[in-house]
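In what follows, a structure is listed as structure tokens, so that the remarks can point back to it.
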Amino acid sequence: MAAPHQPQLRPEPAPGIRDAGRPHTADTANTAAEVDALLAATVRTMAGIVSDRVARSPWAQDNPAGLPPLTGGKYVRARAFLTAASAYGALHRPGAQDALVGIAAALELLHTASLVHDDIIDASSTRRGAPALHRLTSPATAILVGDQVFALALAHSAPYGVTVTAALTRAFADLCEGQLLESALRWDADALPVLERYGSLKTGALFGAAFELAAHVAGLPDPEQLSARDAGIRLGLAFQFADDLLDIHGDLAELGKDHGADLRNGVPSFPLWLASQQLATEVGLAHPTDLDALAATASSASIDARTRTRIAELVAEARSSLPAAPDPELLEAAIHAVVAVPLSAPAPSTTTESEES
């Protein structure tokens, strides 16, 4: 019997959270429309920053195709931040809309800066459906552009207070610490704690900042801001594991970036690590040596199901950590903006749908 269709790992944010497939109250639907408008304003703000500062550089004038990816993507972090902040009532605070747009733009620019550098580290050839910047120009130019976008993001966040800039700076430092931890990743049976710490830092940190700052802009007490950060980090780890599945099952047209980078670079992502443990049990190899066998096992229905189960566990942990919100339905939409999986163990499936981090 064919396995039933699995829901997408992360919902496509472009149509708006009103299209998430769940009933909405009139108030929530109206707020969702406001979130969509704020996200559109965020994208315009990012484009303005890049146009004002980055586009005037000689490399950009010689290679204008390198500019759109700097403000592209699917804005998952911005949407999660805007939706969570709205769920906590931030839209009703004086001057909040300007802060919401500015912080959302800074979050996405930090993410973009990390991707520019990440593509150099991973020797990726494409990003967001276009040539990676280091391929279009040079690694040296791409490093400097990533640094410039990082600086512009922090400068743009400064008017919203030291708490905002500190949270973003801490998140980016954690992201870098996570990337530096990659060399410590192992295939051993006891490697999972380091693997999850790696994902929590490299991917979870910016999501943690998104939910922390959502609570901050809404005026929640400091302990609840920290709880929101912890929840965002768990969601970010779930997001990473979902992305790991897409790296195995997806292709270039779906992902907008290179397929199979983890396997090619010898990085033990969560599903690849699970596959290595299964192979170790079946054939007695402590470390994977046959990459074709590892790829085939990682693509199996059993590894897919085990990965989805762990994603669902992480989502449940995040949900239990989030402070209560005046609009719980909108808060749930913020969770679904990051990752959506069945909460019970899913039926085996090898089908995934596209998403881009």
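Worth saying up front: this structure is predicted, and the values here are computed from it rather than measured.
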Can you tell me how far the [atom1] atom of [X] sits from the [atom2] atom of [Y], to the nearest 0.5 Å?
X: Ile303; Y: Asp244; atom1: CD1; atom2: CG; result: 12.5 Å
X: Leu82; Y: Leu38; atom1: CG; atom2: CG; result: 5.5 Å
X: His134; Y: Asp118; atom1: NE2; atom2: CG; result: 10.0 Å
X: Thr203; Y: Asp174; atom1: OG1; atom2: CG; result: 12.0 Å
X: Leu245; Y: Phe270; atom1: CG; atom2: CZ; result: 9.0 Å
X: Leu331; Y: Ser86; atom1: CG; atom2: OG; result: 11.0 Å

Of all residues at least two apart in sequence or in a different chain, which pass the ring-ring contact (aromatic ring centres under 6.0 Å, His included) check with Tyr88?
none

Which heavy-atom pair separates [X] from [Y] by the least distance, and what is that distance?
X: Phe172; Y: Leu110; value: CE1-O, 3.5 Å
X: Asp147; Y: His117; value: OD1-CE1, 3.1 Å
X: Ala171; Y: Ala205; value: O-CB, 3.4 Å
X: Ala209; Y: Ala167; value: CB-O, 4.1 Å
X: Pro68; Y: Pro64; value: CD-O, 3.3 Å
X: Val338; Y: Ala80; value: CG2-CB, 3.7 Å

Look at the side-chain heavy atoms of Ile, Leu, Val, Met, Phe, Trp and Tyr, link any pair under 4.5 Å apart, and say whether [X] and [Y] land in one connected group.
X: Val164; Y: Ile233; result: no
X: Ile143; Y: Val54; result: no
X: Leu291; Y: Leu272; result: yes
X: Leu226; Y: Leu235; result: no
X: Leu70; Y: Leu144; result: no

Which residue pairs pass the salt bridge (Lys or Arg N to Asp or Glu O under 4.0 Å) test with at least one member in residues 40-55, sequence neighbours excluded?
none

Carboxylate-amine/guanidinium proximity below 4.0 Å for Asp230 and Arg234:
no

Do the side chains of Glu313 and Arg306 get close enough for a salt bridge, i.e. N-O under 4.0 angstrom?
no

Can you list every ring pair (Phe, Tyr, Trp, His ring centres under 6.0 Å) pair that touches residues 207-226, not counting sequence neighbours?
Phe207-Phe239

May I ask you to decide if [Y]'s main-chain N or O and [X]'s side chain share a donor-acceptor pair within less than 3.5 Å?
X: Gln225; Y: Leu220; value: yes
X: Glu108; Y: Lys74; value: no
X: Gln61; Y: Arg56; value: yes
X: Arg79; Y: Leu39; value: no
X: Ser227; Y: Pro223; value: yes
X: Arg135; Y: Ser125; value: no
X: Trp273; Y: Asp188; value: yes

Do we see a donor-acceptor contact under 3.5 Å between the side chains of Asn30 and Glu34?
no

If you look only at distance, which donor and acceptor atoms sit under 3.5 Å apart when one is on a side chain in residues 150-159 and the other is two or more places apart or in another chain?
residue: Ser157; atom: OG; partner: Leu154; partner atom: O; Å: 2.8
residue: Ser157; atom: OG; partner: Thr165; partner atom: OG1; Å: 3.0

Do Thr71 and Thr112 pass the side chain to side chain contact (heavy atoms under 4.5 Å, CB included) test, and can you show the C-alpha distance, the side-chain angles, and the key distance before you say yes or no?
CA-CA 8 Å; Thr71 57; Thr112 293; over 6 Å; no

Could you go through the side chain to side chain contact (heavy atoms under 4.5 Å, CB included) check for Phe81 and Thr42 one step at a time?
CA-CA 11 Å; Phe81 162 70; Thr42 298; over 6 Å; no

Any side-chain heavy atom of Leu168 within less than 4.5 Å of one from Leu213?
yes

Check: Asp304 and Pro271 side chains under 4.5 Å, non-hydrogen atoms
no

Mind checking what makes salt bridge (Lys or Arg N to Asp or Glu O under 4.0 Å) contact with Glu224, not counting sequence neighbours?
none

Salt bridge (Lys or Arg N to Asp or Glu O under 4.0 Å) filter on Glu212, not counting sequence neighbours, yields Arg170, Arg229

Any chance you could lay out the side chain to side chain contact (heavy atoms under 4.5 Å, CB included) test for Leu133 and Thr141, step after step, and finish with the verdict?
CA-CA 8 Å; Leu133 189 60; Thr141 296; 5.6 Å; no

Partner of Leu237 under side chain to side chain contact (heavy atoms under 4.5 Å, CB included), picked from Leu201, Leu314, Val315, Val339, is Leu314

